[in-house]
Amino acid sequence: MHTFEGPPPQRCALVKAFLFLAEQQDAVEEILPTLREQGISVYLLSDKCGVQGINPLSDRISKASDEPLPRDLRANIHIRSTALYIYTSGTTGLPKAAVVTHERVWAASFLQAASGVTSEDVFYINLPLYHSAGFLIGLCGSIERGNTVILRRKFSASQFWDDCRKHNVTVMQYIGETLRYLCNMPKKENEKNHKVRIAIGNGLRTDVWTEFLNRFGDIKIRELYAATEGNIGFINYTSKIGAVGRVNFVHRFLFPYTLIKFDIEKEEPVRNSQGLCIEAATGETGLLVGKITHRSPFVGYAGNKQQTEKKRLSDVLEKGDLYFNTGDLLRFDKDNFVYFQDRVGDTFRWKGENVATSEVADILTMAHCILEANVYGVKVDGHEGRIGMAAVTLKEGQDFDCSDTYSYVVKYLPAYARPRFIRVQPCLEMTGTFKMKKVKLVEEGFNPSLITDPLYFLDLEKKKYVLLTEDIYKAITLKEIKL
Ligand SMILES: *[C@@H]1O[C@H](CO)[C@@H](O)[C@H](O)[C@H]1NC(C)=O
Ligand SMILES: CC(=O)N[C@H]1CO[C@H](CO)[C@@H](O)[C@@H]1O
């Protein structure tokens, strides 16, 4: 059993051996003294290596027996043992090493089967193997199914469909923004000419979902929701556009979960006079929490007791109960469909209203000049809450269109949700799984003397976005311009 005592966080993984490929040799040599100091054995996947302290591994692999491992070597390993760590992607802070047990690997490996993938399928993985989607659902799932894997080092929107055609891909994986990238590619004649029949992933927004199906044909979308370290997940039972799944009562009985009312400003659940949480009403956005039970345990993060504790929530519906806090805000509709709304910490509050950043981003990308949008809230001196701001990239050959963008923002967003500041960037900073990074942008705020990217301000009188000048900035800080 893992205890969370001991080494400092940067050494939380307690590594004993380290394997790498020749292309990383320079980087490894740089840290070799540190690795050796910590008693870590270092192996290069190659026949030979001239560097002292680095052991070649390939010849040993070829000489190794292909018989199953002797049982006594794995005698201490059981279904709840740690199989691997997956570093959470760090959209909102430093990465944490989520403990993934064999049970979890096992469960994730069945998601392909649950989505209708067979041993005849050709499965295209273009996501990093150091995260759950590519590794657990993709690679482990394909081992469980026994199907063919097409592995690509890095996602490429321009090569995507050519790859699919070349390798007869029938199942594709997506995450976060990758389907948006595919939809952003120039239209081509042969777009529906491919064999892809299923797409498995998560984080698909409604607008992209619809366009993706229009452009690339009848592909069954299997949108699923799960956190690497979480104890609860949904899979779309339905192909209903926008929904991540549907409340299934057997599932809910086996893995109890609920949505609770959440205070965006204090970033904590709302509690009643008895100190218990309050369940969100149907249609109301709430924090998803999964009951921690023997059947759905929460193992936590390696070497990080504090972060592990932060994800545990007690006295939720009864005194003394214990839930896993997913950090995700979801909504159930009256037909029990489940919709992902936002990450806690992404949603912000302005003028007493909650702003779901993903919804604002969906509207901004309707403007014809905007390719991608990353929405967040920034502090303004003397104001409560945070005001909306967006970092955007522009479509090729386009300039920022101050009037067109304004018209979408004003037409589709309530006043409190409109991004008052827009920052045009050459590209948006992403994590390895294509999630947008916000922390740095939030810190950088909207001061034109500190930011070199073009900055715009939503000017209600002029009815368009205008360049955010030093004068306007000053007027805002002096409260001469009302926000
Ligand atoms: C893809 O399918 C076609 C037609 O079924 C076949 O001729 C071709 O060899 C296949 N390609 C690969 C890479 O399997
Ligand atoms: C896991 C699961 O229940 N998948 C379902 C997803 O939706 C289709 C219908 O569109 C069902 O046939 C699958 O069984």
Side-chain angles (χ1 to χ4, degrees), residues 19-24 45-47 57-58 61-62 64 66 68 105-106 108-204 208-224 235-236 238-239 241 432-434:
L19 262 70
F20 68 100
L21 294 172
E23 65 202 61
Q24 284 125 13
L45 211 58
S46 153
D47 290 331
L57 193 64
S58 300
I61 292 178
S62 56
D66 54 7
V105 174
W106 195 243
S109 74
F110 288 118
L111 287 173
Q112 284 197 25
S115 305
V117 179
T118 73
S119 63
E120 302 297 308
D121 277 305
V122 178
F123 196 98
Y124 184 33
I125 304 177
N126 46 56
L127 300 171
L129 294 183
Y130 52 83
H131 280 305
S132 332
F135 185 69
L136 298 180
I137 299 171
L139 201 58
C140 294
S142 283
I143 292 171
E144 190 280 328
R145 294 279 76 191
N147 58 26
T148 302
V149 169
I150 304 299
L151 196 57
R152 192 185 167 98
R153 191 161 281 248
K154 205 162 184 251
F155 172 81
S156 159
S158 60
Q159 298 299 306
F160 190 92
W161 296 110
D162 288 339
D163 280 350
C164 291
R165 279 185 281 268
K166 182 168 163 204
H167 301 288
N168 293 333
V169 168
T170 56
V171 184
M172 59 177 277
Q173 229 179 345
Y174 66 86
I175 192 166
E177 301 293 303
T178 58
L179 291 197
R180 191 183 292 277
Y181 295 157
L182 293 178
C183 291
N184 283 341
M185 295 304 289
K187 285 203 168 78
K188 282 191 183 160
E189 285 282 318
N190 62 348
E191 284 187 340
K192 291 197 170 86
N193 170 19
H194 59 75
K195 294 184 177 150
V196 178
R197 60 183 195 93
I198 296 177
I200 302 179
N202 75 292
L204 181 52
V208 176
W209 192 322
T210 310
E211 185 178 348
F212 182 78
L213 295 183
N214 282 342
R215 279 194 46 189
F216 303 109
D218 183 20
I219 297 172
K220 296 269 175 293
I221 305 276
R222 296 287 175 256
E223 167 80 6
L224 44 97
I235 182 163
N236 82 294
T238 55
S239 290
I241 289 183
T433 45
F434 303 100

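Atoms within each ligand, like the ligands themselves, are counted from 1 in listed order.
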Protein heavy atoms: any of them under 4.0 Å from atom 5 (O) of ligand 1? yes
Go through the side-chain N and O atoms of Asn147 and Gln112 and say whether any donor and acceptor fall under 3.5 Å apart. yes
Stepwise salt bridge (Lys or Arg N to Asp or Glu O under 4.0 Å) check, Asp163 with Arg152: CA-CA 9 Å; Asp163 280 350; Arg152 192 185 167 98; 2.7 Å; yes
At under 4.0 Å between heavy atoms, is it the side chain or the backbone of Lys195 that contacts ligand 1, or both, or neither? side chain
In the protein, what heavy atom is nearest to atom 13 (C) of ligand 1, and what distance, to one decimal place, separates them? Lys166 O, 3.4 Å
Residue, atom name and distance, where the atom is the protein heavy atom closest to atom 10 (C) of ligand 1: Asn168 ND2, 2.4 Å
Within a strict 4.5 Å, meaning less than it, do heavy atoms of the Trp161 and Phe216 side chains meet? yes
Are the side chain of Glu211 and the backbone of Val208 linked by a donor-acceptor contact shorter than 3.5 Å? no
